[in-house]
Protein chains: 2
Amino acid sequence: MATAIQTDEEGPVRSPGGSAANPSLRLWLRLLSCTTIAEKRLRRRLAEQFDTTLPRFDVLAALEREPAGLAMSELSQRLLVSNGNVTAVVQQLARLGHVSVSKPEHDRRSSIVSMTDQGRAHFDMVAREHHGWIEQMFAGVRAADRDQLYALLAVVRTSLDQSEEC
Amino acid sequence: MATAIQTDEEGPVRSPGGSAANPSLRLWLRLLSCTTIAEKRLRRRLAEQFDTTLPRFDVLAALEREPAGLAMSELSQRLLVSNGNVTAVVQQLARLGHVSVSKPEHDRRSSIVSMTDQGRAHFDMVAREHHGWIEQMFAGVRAADRDQLYALLAVVRTSLDQSEEC
DNA sequence: CGTTGACGTTTCAAGCTTAAAGTTTTAACC
DNA sequence: GGTTAAAACTTTAAGCTTGAAACGTCAACG
């Protein structure tokens with residue numbers, strides 16, 4: 001449950017007194033509903049058209065620009081998920097032949113994950129479509145609005161980072 | 001894996017040619033990273049401070065304003081999740097005594113889910129904190145920026161809805 | 001009354017996700 | 001060389017999530 005309420009202006013809210021009395025909550029619900037709708041659509045299409053999943057796509061996207069591969073913990077940090085999650089998804093990708101996992105000589109605790117040729121072929125194909133889906137979803141947003149949103153979300157991001165240290 | 005890249009300006013992107021060449025993709029990644037960071041924080045705090053989960057909170061939030069309760073499929077629609085998911089979460093909440101499930105006389109296919117007194121007491125306590133967490137996360141966003149973001153996200157939402165019909 | 005299609009929910013298999021425990025390895029220290 | 005704490009990853013249990021199949025129920029129709 002991605003915590004998205006179907007109609008954030010009219011639906012139930014997570015606070016006594018309703019979201020009309022709480023603009024931050026309203027903003028949060030709208031942010032969440034936009035992201036959830038887009039994400040579920042991407043997930044559905046990846047499954048239907050390429051028989052893959054968003055987490056697998058994310059791992060390949062992270063590896064795409066790293067010919068030397070990445071360590072498991074580096075993947076975990078970049079993708080903002082737990083080590084255990086990375087382990088499971090990488091194992092799936094290895095089973096599919098899309099990545100290979102090796103142990104560096106200098107530190108046998110580590111594992112280095114690299115994209116295989118097969119993985120790259122798959123990723124290139126999927127990424128092209130993914131790219132188009134994103135364009136399509138944001139097609140109704142004017143360039144000026146898009147750029148302004150981008151800037152405003154940087155403010156949100158800063159606010160989030162600062163509030164974490166409280 | 002919530003598909004959030006840690007540093008969307010610098011990190012790997014899901015498209016050949018990089019996100020710098022693709023402002024919609026950059027916007028998407030930033031939208032996603034902001035939402036993911038906030039969501040994971042809420043999930044973590046709900047688990048640590050109240051021993052509950054975001055989906056359970058969502059169900060209670062949906063029920064909070066419905067003294068007569070809601071049908072399972074109504075919950076599914078409002079929360080934008082599958083019927084199967086609602087079944088599992090409601091069963092957990094029933095086990096905890098936070099909701100009760102009854103069968104209406106007029107349609108024995110349906111189940112009506114209502115919040116119990118115990119559930120309401122729990123929800124009121126949690127919602128108060130949740131409210132404060134949201135305020136804190138968005139504290140660094142000026143009111144004018146927040147309102148503008150809210151309006152711009154409505155444009156995004158419309159774009160998403162329109163592109164679905166393609 | 002029997003048939004049939006649709007409804008509403010539950011069950012299922014598969015994948016994702018977390019936090020914590022477990023295991024192996026490394027490196028600092030004495 | 002032995003001890004110890006930390007690193008890096010894997011495993012585990014628990015919860016969430018989807019889409020489809022299964023099941024019981026409802027209502028329209030002949």
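Below, chain A is the first sequence line, B the second, and so on; all start at residue 1.
- Applying the 4.0 Å criterion to OP1 and OP2 of C/dT11, one finds that B/Thr87 has every side-chain N and O outside that range.
- In terms of the side chain to side chain contact (heavy atoms under 4.5 Å, CB included) criterion, residue partners of B/Ser159 (sequence neighbours excluded) are, by chain and number, A/Val141.
- Residue A/Thr53 has a polar side-chain atom (N or O) positioned under 4.0 Å from OP1 or OP2 of C/dC16.
- Comparing atom distances between the A/Asn83 side chain and each of D/dC9, C/dA19, D/dT18 picks out D/dC9 as nearest.
- Scored by the side-chain hydrogen bond (donor to acceptor under 3.5 Å, both in side chains) test, B/Asn83 finds B/Ser76 as partners (sequence neighbours excluded).
- Along DNA chain C, the nucleotide nearest to B/Lys103 and the one nearest to A/Gly84 differ in position, and the one closer to the 5' end is contacted by B/Lys103.
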Solution key, residues 88-96 of chain A side-chain donor-acceptor pairs under 3.5 Å, sequence neighbours excluded:
| residue | atom | partner | partner atom | Å |
| --- | --- | --- | --- | --- |
| A/Gln92 | OE1 | A/Arg95 | NE | 3.2 |
| A/Gln92 | OE1 | A/Arg95 | NH2 | 2.5 |

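- For B/Thr116, the side chain to side chain contact (heavy atoms under 4.5 Å, CB included) criterion is met by B/Ser100, B/Gln118, not counting sequence neighbours.
- The side chain of A/Ser110 contributes no N or O atom lying less than 4.0 Å from OP1 or OP2 of C/dT25.
- Classification of the B/Phe138-A/Trp28 ring pair by plane angle, with boundaries at 30° and 60°, yields tilted.
- Taking B/Thr53 as the reference, B/Pro55, B/Arg56 meet the side chain to side chain contact (heavy atoms under 4.5 Å, CB included) condition, with sequence neighbours excluded.
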If the sugar-phosphate is the primed atoms plus P, OP1 and OP2 and the base is the rest, what is the B/S/- string for nucleotides 21-26 of chain D, using protein heavy atoms under 4.0 Å?
-> ---BBS
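- Scored by the salt bridge (Lys or Arg N to Asp or Glu O under 4.0 Å) test, B/Arg41 finds A/Glu164 as partners (sequence neighbours excluded).
- At C/dT11, one or more side-chain N or O atoms of B/Gln91 fall inside 4.0 Å of OP1 or OP2 (strictly under the cut-off).
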Check nucleotides 1-5 of chain D for protein N or O atoms closer than 3.5 Å to its own N or O atoms and list the pairs.
none

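- At least one side-chain nitrogen or oxygen of B/Arg56 sits closer than 4.0 Å to the OP1 or OP2 atom of D/dG15.
- Sorted by first and then second residue, the pairs that involve residues 104-115 of chain B and meet salt bridge (Lys or Arg N to Asp or Glu O under 4.0 Å), not counting sequence neighbours, are B/Asp107-B/Arg109.
- Look at B/Asn85 and you won't find any side-chain N or O under 4.0 angstrom from OP1 or OP2 of D/dC16.
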